[in-house]
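Accompanying notes for the structure given below.
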Amino acid sequence: MRKRVTYKIGEHDLILETGYLAKQANGSIYAEYAGSAILATICASGQAQEGLDYVPLTVDYNEKYYAAGKIPGGFIKREGRPKDKEILVSRLIDRPMRPLFKKEFGREIQLVPTCISTDMINPPDILAVIASSAAVHISDIPFDGPVAAARVAYKNGEYIINPTFSQIETADMEIVVAGTKEGITMVEGGANEVSEEVMLTALEKAHEMIKALCKMQEDLRELAGKEKLPLVPLEAELENKQAIYDEAFPRLSKTLYLSTKMERREESDKVKKELAEKYAEQLEDEIQLKLFNALFEEMEYNILRTNILDKGLRVDGRGTKDIRPITCEIGVLPRPHGSAVFTRGETQSLGVVTIGTVFDEQIYDDIEGDRRENFILHYNFPPFSVGEVGRLGTGRREIGHGNLAHRSLYPMVPEREKFPYTVRVVSEVLESNGSSSMATVCSGTLSMLHAGVPMKKPVAGIAMGLITEGNDRYAILSDILGEEDHLGDMDFKVAGTADGITGFQMDIKIAGVSPEIMKNALAQAKEGRMHILGIMNQCISAPNEELSQYAPRVEVMTIPEDKIGALIGPGGKNVKAISDRYNVTINTENDGTVTIYGKDGSSDLKGAKLIVKGITSDPEVGIIYDGVVKKIMDFGAFVEILPGKEGLCHISKLSRSRVEKVSDVLKEGQEIPVKLLEIDKLGRLNLSYIDALEDRSK
């Protein structure tokens, strides 16, 4: 039986409905807001596995082209592999929901939110988060939800809840906040140098909306909720637990504080291996082995957290506000247009910049419509960066981390009108122990400045952590290590300039974080960011004045719209001839904007520009031109004042005194200043040699 609940947001009702579509799933929700609609389904496998130490959850958000009344482009007219946007929305849904599933459920879970309608006005991603949570909440799958999300934009001093695409585009800040009615569990977004205070206020406003949306889902569960399936708790106990604990704990208390990540891991694994060999017979049982592994993880968790809270002792001996040693170097590669290495502790990113033209722009074809982007950032995380063997490729991690770095740098990249190039930044993560996405922000800044990209301001990023105990005891950690991320309660990445925040992402593993903790974390993050920017500025603080000799060159000019046809010529004949002669590429827009691209420093952009100007400009009477003598006759000389446009400088206009022979005054190929005296009825140009004039200024 169909059940629905509604809640008015702005001018439209948010509708959540169940009992009509996809009824064989464990839970399904049809969600609608204005012209956008999501169908979210949740299914669990039939068999439970005892003793799982993780939640086997898969989130597959997907968008159908028919949702926007479109047919997919290309030869294959059906949706294919997930696009970057679909992966990012899948992560947006996964991150706040995953901690709320029970490991003891022991079954594979698949969540499939599908965008089946979009008005291309209201973003469907927030709707997908709400529908996904509602589908799980009303289902028979155990879940500590519900979860909801809200987007907040900040524009002209005002906060807009769940803004439209057009409002997002012109906003100074845009964040997505997810959480439960108890507190915020996830934040991500970008901004144009906003203050920490603006962000804190946005979080407060978002949480008010989240609480209302959670209440809406609870109302729907009362109408149509299923009884939850039983958990499969692990009832067995680890044999010899106390003996293993007593032997391992003091040894781990030392090995976990060795100087490097590899030493810590090797020595801690050695302790575990020795004890595993000692109790080998016992650990032949699969359940006992799982309990043994869980005990070691629990000991590491307790050792690291207790020492931070009690002694202020971090894994590598730093204080809570200390940043690891940082080194920066630019120009590390001979041929790329810009390169830099940023190293912070055991995290290292090689940033490489390529300067391209409009023909290199990234083209997106999705349900939001076709769009182009002239700033591209790709993040690579090869397995050797953590000393492991694995496959190379682009996964959800690469897409997500790259998007965060892109969002952080984008506000400081110059507009296309000021820098008419396409910029591609590639971050090769060569070492990782700590935030490689924030290292990417730093290496991206350094490499763009080295390439000569006129960034508005340098950007740096830092990852913050949190360790809590109860409601009042906590420690905020600057520049967290991988171990601190894994065992901590919060991972908060903040990027920005000296004047404000440009990008942020937060994941919280506990019920919520108080406003006081958030305020202190943001203040400590700013302190760390300023420290990192200071070191980066010592390496390079302003863009190089010249682009690399290997980078393309660009000239932009505007011609009258009625001259576009003359420039292009029949079948593109004129443009092709100019391009071949001067080794350039010419792009003409409908508004008369002409962009001339040279492959590198060897291209003759100046010559090409003069030809274009000559073809598209009309000579003006009274203007002085630097002309070239093309042909000498007995009665005068023909002088080219614009490419393809010649006029006659009569012998009588060559000098104040009488000239017997033109060749006495001029030579072919000579450059001379001439003034256009008149254009006769036949369109012929009459010129005067400037030396024949009394006053050049006339």
Side-chain angles (χ1 to χ4, degrees), residues 7-16 29-40 59-70 82-97 111-134 147-155 158-179 186-192 202-203 205-206 209-210 212-213 216 364-371 373 399-400 403-404 406-407 410 503-505:
Y7 181 76
K8 194 170 185 66
I9 303 175
E11 299 178 358
H12 306 283
D13 282 340
L14 169 63
I15 300 169
L16 297 181
I29 289 289
Y30 171 79
E32 181 181 300
Y33 182 78
S36 295
I38 297 286
L39 175 63
V59 180
D60 293 308
Y61 172 79
N62 62 104
E63 296 180 335
K64 302 299 184 182
Y65 275 77
Y66 61 69
K70 295 178 63 176
K83 292 182 168 59
D84 285 2
K85 183 199 168 187
E86 292 170 314
I87 291 171
L88 292 170
V89 177
S90 294
R91 285 170 55 88
L92 194 70
I93 298 166
D94 184 298
R95 284 160 44 209
M97 291 185 66
L111 182 54
V112 182
T114 305
C115 180
I116 54 177
S117 177
T118 178
D119 54 13
M120 294 181 284
I121 297 172
N122 299 281
D125 53 356
I126 297 297
L127 195 59
V129 178
I130 298 166
S132 298
S133 171
V147 168
R151 176 179 271 108
V152 181
Y154 180 72
K155 180 180 178 181
E158 295 184 356
Y159 296 89
I160 305 169
I161 305 295
N162 290 337
T164 62
F165 281 118
S166 60
Q167 288 172 324
I168 292 169
E169 201 171 314
T170 56
D172 294 319
M173 180 187 71
E174 175 250 335
I175 61 171
V176 174
V177 185
M186 188 212 72
V187 183
E188 72 167 42
N192 189 10
L203 294 178
K205 292 184 178 296
M209 176 60 68
I210 286 168
L213 296 173
M216 183 184 184
Y364 294 94
D365 173 28
D366 51 34
I367 65 171
E368 294 173 19
D370 297 343
R371 52 199 170 89
E373 192 169 289
I399 300 298
N403 180 66
L404 173 58
H406 178 281
R407 191 167 55 224
Y410 181 75
F504 34 86
Q505 179 177 294

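Being a predicted model, the structure only gives us computed values, none of them experimental.
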Handout entry: By salt bridge (Lys or Arg N to Asp or Glu O under 4.0 Å) - contacts of R407 (at least two apart)
Key = E188
Exercise for the section: Would you indicate whether the side-chain heavy atoms of M97 and L111 approach each other to under 4.5 Å? Expected result: yes
Handout entry: R151 vs I168 side-chain heavy atoms within contact, under 4.5 Å
Key = yes
Problem - Carboxylate-amine/guanidinium contact D125 K85, below 4.0 Å - result: no
Problem - Test side-chain hydrogen bond (donor to acceptor under 3.5 Å, both in side chains) applied to E86 - qualifying residues, sequence neighbours left out - result: none
Exercise for the section: Nearest 0.5 Å please: distance from the CD atom of Q505 over to the CZ atom of R91. Expected result: 6.5 Å
Exercise for the section: State which residues pass side-chain hydrogen bond (donor to acceptor under 3.5 Å, both in side chains) with Y154; sequence neighbours excluded, sorted by chain then number. Expected result: none
Exercise for the section: Quick one: list whatever passes salt bridge (Lys or Arg N to Asp or Glu O under 4.0 Å) with K64, sequence neighbours left out. Expected result: none
Problem - Under the side-chain contact (heavy atoms from CB on, under 4.5 Å) test, residues paired with A68 that sit two or more places apart - result: K70, T118, M120, I367
Practice task
Taking the side chain as every heavy atom from C-beta outward, state whether I116 and Y66 have any atom pair closer than 4.5 Å.
Solution key: yes
Practice task
With sequence neighbours excluded, tell me which residues meet salt bridge (Lys or Arg N to Asp or Glu O under 4.0 Å) with K83.
Solution key: none
Exercise for the section: Could I get the full list of salt bridge (Lys or Arg N to Asp or Glu O under 4.0 Å) partners for D84, not counting sequence neighbours? Expected result: none
Problem - Sequence-distant partners of D119, side-chain contact (heavy atoms from CB on, under 4.5 Å), two or more places apart - result: A34, S36, I121, N122
Exercise for the section: Can you sort out the partners of A131 under side-chain contact (heavy atoms from CB on, under 4.5 Å), two or more places apart, ordered by chain and number? Expected result: I29, A31, I38, A40
Completion exercise
Sorted by chain and residue number, the side-chain hydrogen bond (donor to acceptor under 3.5 Å, both in side chains) partners of T114 (sequence neighbours excluded) come out as N62
Practice task
Test side chain to side chain contact (heavy atoms under 4.5 Å, CB included) on V89 and I93 and set out the steps.
Solution key: CA-CA 6 Å; V89 177; I93 298 166; 4.1 Å; yes
Fill in the blank from the handout: Sorted by chain and number, sequence neighbours left out, side-chain contact (heavy atoms from CB on, under 4.5 Å) with I160 holds for A153, K155, P163, Q167
Problem - Atom pair CG (N162) and CD1 (I9), whose distance is rounded to the nearest 0.5 Å - result: 5.5 Å
Handout entry: Heavy-atom donor-acceptor pair, Y33 side chain to I126 backbone, under 3.5 Å
Key = no
Problem - Where M209 and I161 come nearest, the two heavy atoms and their spacing - result: CE-CG2, 3.8 Å
Handout entry: Nearest-0.5 Å distance, CD1 of residue I87 to CG of residue N403
Key = 11.0 Å
Exercise for the section: Can you sort out the partners of D94 under side-chain hydrogen bond (donor to acceptor under 3.5 Å, both in side chains), two or more places apart, ordered by chain and number? Expected result: R98
Problem - A149 versus L213, closest heavy-atom pair with distance - result: O-CD1, 3.5 Å
Problem - OG-CD1 distance between S133 and I210, expressed to the nearest 0.5 angstrom - result: 11.0 Å
Handout entry: Side chain proximity check, C115 to Y61, heavy atoms < 4.5 angstrom
Key = yes
Practice task
Calculate, to the nearest 0.5 Å, the distance between atoms NZ and CD1 belonging to K205 and I175 respectively.
Solution key: 11.5 Å
Exercise for the section: Would you check if S132 and V59 make a side-chain contact, meaning some heavy-atom pair closer than 4.5 Å? Expected result: no
Problem - Residue Y65 excluded, over 12 heavy atoms near OH under 6.0 Å - result: yes
Handout entry: Residue pair V129 / V176, side-chain heavy-atom distance below 4.5 Å
Key = no
Fill in the blank from the handout: All heavy atoms of P124 vs all of F165, minimum pair found to be CD-CZ, 4.1 Å
